[in-house]
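Right, one structure below, let's go through it.
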Amino acid sequence: MELTASAKRHLLVPAADMEKLGSKSLLRLERSEGIFVYDETGRRLIDGPAGMWCTQIGYRRQEMADAMSKQAMSLSYNSPWYTTNSPAIRLAEKIAEFTPGDLNRIFFTTGGSTAVDTALRFVEFYNNALGRHAKKKIIVRKDGYHGSTSLTAACSGREGNWKNFDIASDRISFVSSPNCRLHPGLTESEVLELLVAEFEFRVGELGPENVAVFLAEPLLASGGVIIPPTGYHARIKDVCERNDIIYVSDEVVTAFGRCGEWFASEKVFGVTPDIITFAKGVTSGYVPLGGLAISDRLIERISGENGKATSFANGYTYSGHPVSCAAALANIEIFERDGLLEHVREITPYFQASIRALEQLPLVADVRGIGMVACVECLIDKTATVATDLDKRTSLRIDELALKLGLIVRPLANMCVLSPPLVINKRQIDDMVGILKEAIMRAAVEMR
Ligand code: PLP
């Protein structure tokens, strides 16, 4: 069968539009190089979202292929339930060097969802092991995204993703999205006070003895690149500490260079969490891998003398997969050798200034970002706080026009999100932002 016809007939892709199943197939990519991908017709496209916030070191790096091939030819796989391997050990040690505080115990998973799921299962295990069987509630935020397992999907505050699924919501409590745009007329510090008061009130309402964990992305990425008010994370962490609530920072997007640091929680957002989850950039998307770093302090309370007759029976066939871990080590080597974190710190102001210049355009209501992530929010009524269907259609049109002009933009409701491969240079930023600008202008003309 011809490929497009076969895709329509046999593939079920993530977030498939079920109404159009069988009649529509996604853009098919055939190859990639640097910051570019090439479609089935050979057309070159700038990869604006870096896959899905993943491809930090860019595409087609020979060292990555060599490292994976070498590992596949020495030890391709064995069970992580009763054996281990050198790449997994070396990678755990390396990641522990990068994590803040005492987050030195590393567990490997298959991606971001399984990393967050494991973090939540660890918290369950921890509290049960300590005999605190009522401490079960998970506090999360509206607009957050944490994955696609049953539990992580239930923790994701984007209700649009819930339709026709059963959501395990009895243990989950949502607080507000830390989005200052939702509070017109209030200053950033006033919004901060509101958010902290709401969180404290929620903990009191649920009862601290029932609240196990606060789960939060440092910036709400898939929710529209929402950057909380300055000081937010530290203030919430303070409430968590006073109430013996574990703070999990979901760094699936922000870790591995996206904000110019290995991990962003402490150095960029001013908080030292109890657990950090990571995925995506750890292998620059070359192969699947995720994981979490857990505080020694938590581990000590439930291990050794304190862990008698228990095993942390959570894991995956591919936990610590040798080929994935070898890829991650090669990825980190490239970061270090090429000074990629330094490059990100150097180029971020240029990227942010270029994208912020779009604020002057028609249809653009807000431009925000941090590090190498930015979002252009499009609203026909620039003062609105809720997007209409027309706003969403207009943004989709902008994405279509950008694609025609040679740029992939992540389609996200009424928002155009850019998070390019971190190896991007200034000329390529000009090209990328220039295309987005042209697409917005053309969409505005079409609307007249
Ligand atoms: N957590 C965050 C913050 C994410 O953005 C994502 C995916 O985009 C996930 C978790 C889930 O990761 P994965 O799709 O690798 O399972």
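We count ligands from 1, going down the list as the structure has it; atoms in each ligand are counted the same way. Note that this is a predicted model, so its numbers are computed, not measured.
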Protein residue, atom and distance nearest to [atom], heavy-atom basis:
atom	result
atom 1 (N) of ligand 1	Asp250 OD2, 2.7 Å
atom 14 (O) of ligand 1	Ser113 OG, 4.1 Å
atom 5 (O) of ligand 1	Val253 CG2, 3.3 Å
atom 8 (O) of ligand 1	Lys280 NZ, 3.0 Å
atom 15 (O) of ligand 1	Gly112 N, 2.8 Å

Handout entry: Contact atoms of ligand 1, heavy-atom distance to Glu217 under 4.0 Å
Key =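 It comes down to these atoms of ligand 1: 3 (C).
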Exercise for the section: Within a distance under 4.0 Å of any heavy atom of Gly147, pick out the atoms of ligand 1 and give their elements. Expected result: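 Numbered from 1, ligand 1 contributes 11 (C).
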Practice task
Kindly say whether Trp81 contributes a backbone atom to a donor-acceptor pair with the side chain of Ser79 at under 3.5 angstrom?
Solution key: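 Indeed, once roles are kept as given, a pair shorter than 3.5 Å links the two residues.
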Handout entry: Exam field: side chain Arg158 to backbone Tyr145, donor-acceptor pair closer than 3.5 Å
Key =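 No, because the side chain of Arg158 does not come within donor-acceptor range (under 3.5 Å) of the backbone of Tyr145.
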Problem - Short side-chain donor-acceptor distance under 3.5 Å, Ser284 and Gln56 - result: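 No, no side-chain donor-acceptor pair sits under 3.5 Å.
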Exercise for the section: Kindly say whether the aromatic ring centers of Phe269 and Tyr232 come within a distance under 6.0 Å. Expected result: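 Judged by ring-centre distance (under 6.0 Å), Phe269 and Tyr232 do not meet the cut-off.
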Problem - Centroid separation Phe199 to Phe214 less than 6.0 Å - result: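 Close enough - the centres of the two rings lie under 6.0 Å apart.
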Problem - 4.0 Å heavy-atom contact, Glu251 with ligand 1 - result: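 Contact check Glu251 vs ligand 1: negative.
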Problem - Options Val252, Thr110, Thr114, ranked by nearest heavy atom to atom 9 (C) of ligand 1, top entry - result: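 Among Val252, Thr110, Thr114, the closest heavy atom to atom 9 (C) of ligand 1 belongs to Val252.
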Exercise for the section: Have a look at Phe278, Trp53, Tyr145 and point out the one with the heavy atom closest to atom 4 (C) of ligand 1. Expected result: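 Going through Phe278, Trp53, Tyr145 one by one, Tyr145 has the nearest heavy atom to atom 4 (C) of ligand 1.
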Exercise for the section: Please work out whether any backbone atom (N, CA, C, O) or any side-chain heavy atom from C-beta onward of His146 is under 4.0 Å from ligand 1, and answer side chain, backbone, both or neither. Expected result: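 Near ligand 1, His146 shows its backbone, while the atoms from C-beta on stay back.
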Problem - Heavy-atom check, side chain of Ser354 versus side chain of Met432, under 4.5 Å - result: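 Answer no - side chains too far apart.
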Handout entry: Test item: Leu151 and Ile138 side chains (from C-beta on) under 4.5 Å apart, heavy atoms
Key =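 Sidechains of Ile138 and Leu151: in contact.
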Exercise for the section: Taking atom CZ of Phe201 as the centre, report whether more than 12 heavy atoms of other residues, nucleotides or ligands fall under 6.0 Å from it. Expected result: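 Count not over threshold, so no.
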